[in-house]
Amino acid sequence: YPGVELVVEADLSTDTDPYVDDHVFGGERLLPAVMGLEAMSQAAVALMGSDAPLLFEDVHFSRPVVIPKTGSMTIRVAALLRESGQVDVVLRSSETGFHVDHFRATCRVNESPTFLAEDKRKKERLSLSQRPLIPLVPERDLYGHILFHQGRFRRVRGYRLLRATECLAEIAVSDASQWFGRYLPQSFLLGDPGARDAVIHAIQACIPHGTLLPIGVDRLTLGADRARGSQLVHARERSQEGNLFVYDVDVTGTDGVLHERWEGLRLRKVTDKAPDGPWSIPLLGPYVERRVKELIPGIAVMVVVEQGEGERQARSDHAMTQALGRTLPICRRPDGKPEIVGDDKLAASASHVGELTLAVAGPSPLACDIEPVTTRAASVWRDLLGPERATLAELIASESGEDQHTAFTRVWCASECLKKAGAMVNAPLVLASIAKDGWVALESGPVKIATCVVSIHGLEDKLVMAVLAKACAADRTE
């Protein structure tokens, strides 16, 4: 029905669409969500007869589209123009007999594309864009480990900000890649799909212990202009419920001008996967914060791990301020414990190993400790920990299968956390749980201590990290 409905089909294979070889997850070649958006936008624009910027709403990536290694499969895109001017678009495939909406969305012309350029947070973004790149190397630390993307999709060049719930990433934009087979058009209505895919997967660094896949977005607004050379992606977590993460994302040029906005981008963690080999230090803060919150549900702790030279107190103050997310005066009690001036409900703590600083901030009580795994005679450990906690360490070693020196160091870190939190010297300490990924949780009355063992690039010794927080009543072991 001309001007009302449009149905188009395309055959996809590794010959016509070689980019799918760069987008293999779990052994399957998946049609990237951004390619689905491109296909749906082309059908919608052809139906509307307008090349103005688009606005997508109620986007769902409900079921992956799998491209076979050999042979081909067919996708069918159906678009229907409503009286309101919006277009309902679905993408189906021969894999499911065209009976399932793999992707679907509603799109319409963005009648005011200039509103992006009038964004009120431009100054804030410009300030963030002046930050130096943090020492995270995507090719070494992300791609091939946390991220499965290859070739054309490897566009994350670095991060200027990285926290568990927020990141500012730099993305490479390029028109040079060959996406389709020889003799096929290489142009895109929505611009570089590799850069747009990186907008989504850059968020993975905030959740470095799992693999995320997009399942939808409430609204995607595209501006009239596109970034050239490179662009910045500022993502902030709106909410998390189990394995579902919801982010709001702004995509800007290096001049701070907003080019597109993703509102309510929904990502699902489909696998648990920590990096193979040693950790990069910038990923440790998000990782530890995420796992601590999973092991001690309901807490609002923020975790920072930094490396730097200088006087310890200054490094502690800087790391704790970063964990707080804002500048608040920090003083020291006579015993050296840091306190947040003017807010006795808020606590901060820091610990050091060499040039490394671990810091936490959140509701009191709260404490942290970091120590290298130390080899000592069992008798020395027993004298340091006392008989009961030494026996606890031996139990952890037996239950977890780790060596006793690591288990003793865990209990030492937990004991240091209790001391920093003001607990009695003989406060009870019991084993709460041992997770498959090696995290061990301990309990002492109303508080819980999550501990882990990590290896870090450039450091020879393994380290134990521990974070103490008050467990929610429903989470305490009876």
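Heavy-atom basis, side chains included; hydrogens, waters and symmetry copies ignored.
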Just say parallel, tilted or perpendicular for the rings of Phe188 and Trp179, cut-offs at 30° and 60°.
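Perpendicular, since the angle between the ring planes exceeds 60°.
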Test of understanding: with salt bridge (charged side-chain N to carboxylate O under 4.0 Å, His left out), list the residues that count as partners of Glu306, not counting sequence neighbours.
none
For Glu263, check salt bridge (charged side-chain N to carboxylate O under 4.0 Å, His left out) against everything at least two apart and list the hits.
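Salt bridge (charged side-chain N to carboxylate O under 4.0 Å, His left out) list for Glu263, sorted by chain: empty.
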Is the distance between the ring centroids of His23 and Phe153 under 6.0 Å?
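Under 6.0 Å, so yes.
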For the rings on Tyr247 and His234, is their centre-to-centre separation under 6.0 Å?
no
For the residue pair His457 and Ser280, confirm or rule out a side-chain donor-acceptor distance under 3.5 Å.
no
Donor on one side chain, acceptor on other, Arg410 and Thr451, under 3.5 Å
yes
[X] and [Y] ion-paired at < 4.0 Å:
X      : Y      : answer
Asp317 : Arg332 : yes
Asp58  : Arg104 : no
Arg291 : Asp437 : yes

From Arg163, Arg266, Arg290, residue fulfilling salt bridge (Lys or Arg N to Asp or Glu O under 4.0 Å) relative to Glu237
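Checked Arg163, Arg266, Arg290 against Glu237; only one passes salt bridge (Lys or Arg N to Asp or Glu O under 4.0 Å): Arg290.
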Going by the salt bridge (Lys or Arg N to Asp or Glu O under 4.0 Å) test, name the single residue among Asp197, Asp192, Asp22 that passes it with Arg155.
Asp192
Roughly how far apart are Gln240 CD and Lys269 NZ, rounded to 0.5 Å?
7.5 Å
NZ of Lys419 to CG of Leu468, rounded to nearest 0.5 Å, is 13.5 Å
Work out which heavy atom in Leu30 is nearest to a heavy atom in Pro64; give both atom names and the distance.
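Minimum heavy-atom contact is CD2-CB, 4.1 Å.
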Over all heavy atoms of both residues, which pair between Leu346 and Ile340 is shortest? Give the atoms and the distance, please.
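Distance-wise, the nearest heavy atoms are O-CG1, 3.7 Å.
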Applying ring-ring contact (aromatic ring centres under 6.0 Å, His included) as the test, list every pair that has at least one member in residues 268-314; sequence neighbours left out.
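Qualifying pairs: His209-Tyr287, Trp279-Tyr287, Tyr287-Trp439.
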Should the heavy atoms of other residues, nucleotides or ligands under 6.0 Å from CD of Glu460 be counted, would the total exceed 12?
no
